[in-house]
Number of protein chains: 2
Amino acid sequence: MNKYSVLKEALKDSGLRYTQQRQTVWDELCSTSDHRDAEDIYVTLVRNGLSVSRATVYRTIEVLVKKGLARKLDIGDGRSRYEMRQDNSHHDHMICVNCGRIEEFVDLRIEELQKDVAVSNSFILKTHKLQLYGLCRDCQ
Amino acid sequence: MNKYSVLKEALKDSGLRYTQQRQTVWDELCSTSDHRDAEDIYVTLVRNGLSVSRATVYRTIEVLVKKGLARKLDIGDGRSRYEMRQDNSHHDHMICVNCGRIEEFVDLRIEELQKDVAVSNSFILKTHKLQLYGLCRDCQ
DNA sequence: TTATATGCAAACCCTTTGCAATCCG
DNA sequence: CGGATTGCAAAGGGTTTGCATATAA
């Protein structure tokens with residue numbers, strides 16, 4: 001299953017059409033493991049001579065996120081970031097307040113304690129968001 | 001130290017002027033322990049016949065947050081929420097995805113593990129944001 | 001063919017800002 | 001008095017949307 005069929009299948013599943021623009025956006029998202037905003041993706045595509053509009057970038061990303069092919073990340077600066085969904089594992093983020101770098105981490109102990117907190121508050125936990133803000137290795 | 005002097009002192013400390021509008025916004029923020037957005041505060045004040053502009057609400061809230069009298073909360077829906085700072089204790093939030101209710105919680109074990117994660121990633125932790133999304137007691 | 005997707009620009013939403021008028025100290 | 005604060009409306013930044021045109025199936 002190559003990168004073309006991944007998208008094609010996902011679209012077909014939802015009765016959506018396979019278009020050049022959607023493939024283009026998906027390719028760009030897959031080209032790095034970074035957490036990028038929509039404008040960044042749009043500008044890169046245009047700079048590379050690819051034909052896509054900003055509106056289509058936004059609309060395509062929305063489709064990808066809904067289909068589970070991409071993840072949306074909100075770090076609180078007013079712009080949403082997107083990352084290709086690498087696998088099924090959930091992860092949280094460490095954000096460098098100096099250089100903006102975003103690193104991922106997983107801590108199962110914390111995940112467990114969150115469930116704990118939910119239970120003791122009679123809260124049915126659906127998702128969570130944990131972000132650590134500070135200085136990355138290079139910015140200290 | 002009544003609610004008037006709290007604000008007066010804080011403003012004086014920063015060489016800022018004590019104004020009717022600032023007191024008005026601060027009073028409104030203190031009137032509940034809810035997490036409210038700027039528009040909500042503005043509309044309530046106007047509805048109560050108080051004279052203040054939207055711009056002043058935003059500017060005042062910013063002053064209060066900077067002075068540590070209020071806290072800003074971003075739950076990822078595009079609007080910032082504000083709460084009066086009750087005491088010095090940090091806390092995280094549980095957000096009901098059905099009714100929007102926001103409850104607070106503290107879990108020292110999780111706080112400790114966050115420090116742990118930071119250390120093992122050579123990350124200098126400054127702040128963090130942890131939000132649990134799900135269904136509150138009443139919405140299950 | 002024909003309904004879905006695209007591109008464009010305008011609209012949106014929340015928030016910030018420039019500037020003249022007002023007010024605190 | 002004189003600079004800080006206010007109100008207004010316009011601008012800003014990111015994102016969404018209406019509509020005519022283009023295109024996948």
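Just so it is clear: chains get the letters A, B, ... in the order the sequence lines come, proteins before strands, and each one is counted from 1. Below, all heavy atoms of this structure are taken into account, side chains as well, without hydrogens, waters or symmetry copies.
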query = Is the backbone of A:L50 close enough, under 3.5 Å, to the side chain of A:N48 for a donor and an acceptor to pair up by distance?
reply = no
message = At 4.0 Å (heavy atoms only), tell me whether B:S14 reaches a base, stays on the sugar-phosphate, or touches nothing.
response = nothing
inquiry  = Is it true that, when you exclude A:K67 itself, more than 12 heavy atoms of the residues, nucleotides or ligands shown sit nearer than 6.0 Å to its NZ?
reply    = yes
ask   = To the nearest angstrom, how far is B:E62 atom CD from D:dA4 atom P?
value = 16 Å
message = Taking the minimum atom-to-atom distance to the side chain of B:R22, which one of D:dG7, D:dT15, D:dT5 wins?
response = D:dT5
query = From D:dG18, D:dT15, D:dG7, pick the nucleotide closest to the side chain of B:T56?
reply = D:dG7
task = For the pair B:L135 and A:K126, evaluate side chain to side chain contact (heavy atoms under 4.5 Å, CB included) and give the outcome as yes or no after the intermediate values.
result = CA-CA 8 Å; B:L135 294 173; A:K126 298 286 188 188; 4.0 Å; yes
Atom-pair distance (CZ on B:R59; C1' on D:dA4), nearest Å = 11 Å
key: Option from A:I41, A:T24, A:L29 for which side-chain contact (heavy atoms from CB on, under 4.5 Å) with A:V57 holds   = A:I41
Verdict with supporting geometry, B:L132 and A:T127, side chain to side chain contact (heavy atoms under 4.5 Å, CB included) = CA-CA 6 Å; B:L132 306 185; A:T127 61; over 6 Å; no
message = Let me spell it out: for each of A:A55 and B:A55, pick the nucleotide of DNA chain D with the closest heavy atom. Which residue's pick is nearer the 5' end?
response = B:A55
request  = Could you tell me the separation between the NZ atom of B:K12 and the C1' atom of D:dA4, rounded to a whole number of Å?
outcome  = 17 Å
query = At under 4.0 Å between heavy atoms, what does B:R79 touch on the DNA or RNA strands: base, sugar-phosphate, or nothing?
reply = sugar-phosphate
Position toward the 5' end of DNA chain C (nearest nucleotide), B:A38 or A:G15 = A:G15
inquiry  = Distance check needed: D:dT5 P versus B:Q23 CD, whole Å only.
reply    = 15 Å
message = So if I apply the side-chain contact (heavy atoms from CB on, under 4.5 Å) rule between A:D92 and each of A:K129, A:E104, A:E111, A:E103, which one comes out positive?
response = A:E111
B:L50 CG - D:dG7 C1' separation (whole Å) = 16 Å
query = The side chain of B:L16 lies closest to which of these nucleotides: D:dT15, D:dG7, D:dT5?
reply = D:dT5
remark   = 5'-most contact on DNA chain C (nearest-nucleotide basis), B:R17 vs B:E39, goes to B:E39
query = How is A:T24 classified with respect to the nucleic acid when contacts are heavy atoms under 4.0 Å: base, sugar-phosphate, or nothing?
reply = nothing
task = Would you please confirm or rule out a distance under 4.0 Å between OP1 or OP2 of D:dT5 and any side-chain N or O of B:T60?
result = no
inquiry  = Donor-acceptor pair, distance only, cut-off 3.5 Å: does the side chain of B:S14 make one with the backbone of B:L16?
reply    = no
request  = Whole angstrom is fine here: how far is it from CG in A:D37 over to P in D:dG14?
outcome  = 8 Å
task = Check whether any side-chain nitrogen or oxygen of B:Q21 sits under 4.0 Å from OP1 or OP2 of D:dG7, and answer yes or no.
result = yes
task = Heavy atoms of chain B, cut-off under 4.0 Å: which first and last nucleotide of DNA chain C, 5' to 3', fall inside that, if you could look?
result = C:dC14 to C:dG25
key: Any donor-acceptor N/O pair under 3.5 Å between D:dG14 base and A:R54 side chain   = no
request  = Please state how far atom CD1 in B:I61 lies from atom P in D:dT6, giving the value in whole angstrom units.
outcome  = 13 Å
ask   = Would you say D:dT15 has OP1 or OP2 under 4.0 Å from some side-chain N or O of A:S80?
value = yes
ask   = Do A:H93 and A:Q131 have side-chain N/O donor and acceptor atoms under 3.5 Å apart?
value = no
